[in-house]
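Worksheet: the structure to be examined is printed underneath.
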Amino acid sequence: MSMKQYEFWFVVGSQFLYGPQVLETVAARAAEMADALNASGNLPCKLVYKVTAKTNKEITDIVREANYDEKCAGIITWCHTFSPSKMWINGFASLQKPYCHFATQYNLEIPNEEIDMDFMNLNQAAHGDREHGFIAARLRMPRKIIAGYWKDEAVQKRLGSWMRAAVGVAFSKSLKVMRFGDNMREVAVTEGDKVEVQTKLGWQVNTWATGDLVKVMNAVTEEEIDAMMAVYTEKYDIATDNIDAIRYQAREEIAIRKMLDAEGCKAFANTFQDLYGMEQLPGLASQHLMAEGYGYGGEGDWKVSAMTSILKAISEGQTGGTTFMEDYTYHLVPGQEYSLGAHMLEVCPSVASAKPRIETHHLGIGMNEKDPARLVFEGREGDAIVVSLIDMGGRLRLICQDIKCVKPIMEMPNLPVARVMWRAMPDLTTGLECWITAGGAHHTVLSYDVTAEQMKDWANMMGIEYVHITKDTTVEKLEQDLFLADLAWKLK
Ligand code: MN
């Protein structure tokens, strides 16, 4: 399902105490608010006003309906009036969808002349939302709390941003990942407990033989390759005479996509150590598939592949700047401390600052019989994050670091791959010490669109540990946080 097909249900809490007129007003205003929020253009999905809930049964009924409705990606609650929270316990205890408490108020101002006891009976969000918040705290529910005036654009955007993270939850729960072969021999961080991951995050991670892919590749027709070449020619500059190499990548892309689509997979991983029957490691092929929204991980890294697809789902319809990434090398000159990110071949062109070039070069690593075609480009400037999901044994940890991407400070004319240069927060070496302390992988997802707050929300909704390295992080504080988290997660 795409972003626009999802909806969020607006459930407003109240009770019978104030009489039918107040309840009618609350219902009319809730519908008005949903309409205005939908018309604002700041929400990626539709907000559907469902009910002004007054009883335990109304709440459990709507929760049951939400749990089983595929379109419903979460519920958003608010208390215009006071809604005694014991009536919410049964519903909340059975809620299986993301939950946001929108602590807002219908009126912007306290009306000086108009305010009387009738006004006070109708407009009780200030204490209604506190009663409502208590019970979620008491139940230890994962939740997002957004406070602010509902017409305020910044508040609407926060709500929209959370909606995107919640869609990432729905996407994760139905995600299938296709592995071609195993992960790279002897590598630790690309291992992981696939049963644990499926239980926690919903991912169905399974393996297909490279030989299965080669069979599909061999059945791709010249006409199909011609059509793919037309797409490449339109999107990219062809900077090689080796057209056969590009056509071979087209054949690989078409075949991989056929297999992914036949199985309903939105992410895949392969490895240069298992290309049996293939002439080239898919470079351009994997890059263009990422640009089309599929997740990818090199060296059999299925976790980063899945995360790439999730971040792409969260940011659907935005700039599209999300890619599989690897920390490659550093520039350690004082005052110019930068990380250079790249990969053997596979960086998504959605992060490119200009039209990418298709080039062919020799690739010594792996089973390549021929020079693989790949897209070469520079990443664009801008604030971004890098994200790594690691398996700590018994739990998953999501690590997110704030970074500032820059125009690469040198041309690197002999570097035959796409590259992104950035300044890590709080600075290169402290950031590196923090990243290594937390156990972050060399593979990451880099995104200009997805925010650290969305990753925190997503991790919270998925029930996994979240570590954020920011401009203010120190190694000492992080070590302390990780020590306490280790204890806390053992108790969970
Ligand atoms: Mn790698």
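Counting convention: from 1, in listed order, for ligands and their atoms alike.
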Below 4.0 angstrom, N of the basic side chain to O of the carboxylate: do Glu292 and Lys266 qualify? no

Please check if the side chain of Asp212 supplies one atom and the backbone of Ala209 the other of a donor-acceptor pair under 3.5 Å. yes

Do Asp261 and Tyr294 pass the side chain to side chain donor-acceptor pair (under 3.5 Å) test, and can you show the C-alpha distance, the side-chain angles, and the key distance before you say yes or no? CA-CA 10 Å; Asp261 292 350; Tyr294 294 91; 2.6 Å; yes

All side-chain hydrogen bond (donor to acceptor under 3.5 Å, both in side chains) counterparts of Trp302, not counting sequence neighbours: none

Among Lys492, Arg395, Lys456, find the one that has a salt bridge (charged side-chain N to carboxylate O under 4.0 Å, His left out) with Glu465. Arg395

Under 4.0 Å between a Lys/Arg side-chain N and an Asp/Glu carboxylate O for Arg247 and Glu222? yes

Listed protein N/O/S atoms, distance to the Mn ion (ligand 1) under 2.8 Å: Glu299 OE1, Glu326 OE2, His343 NE2, His443 NE2

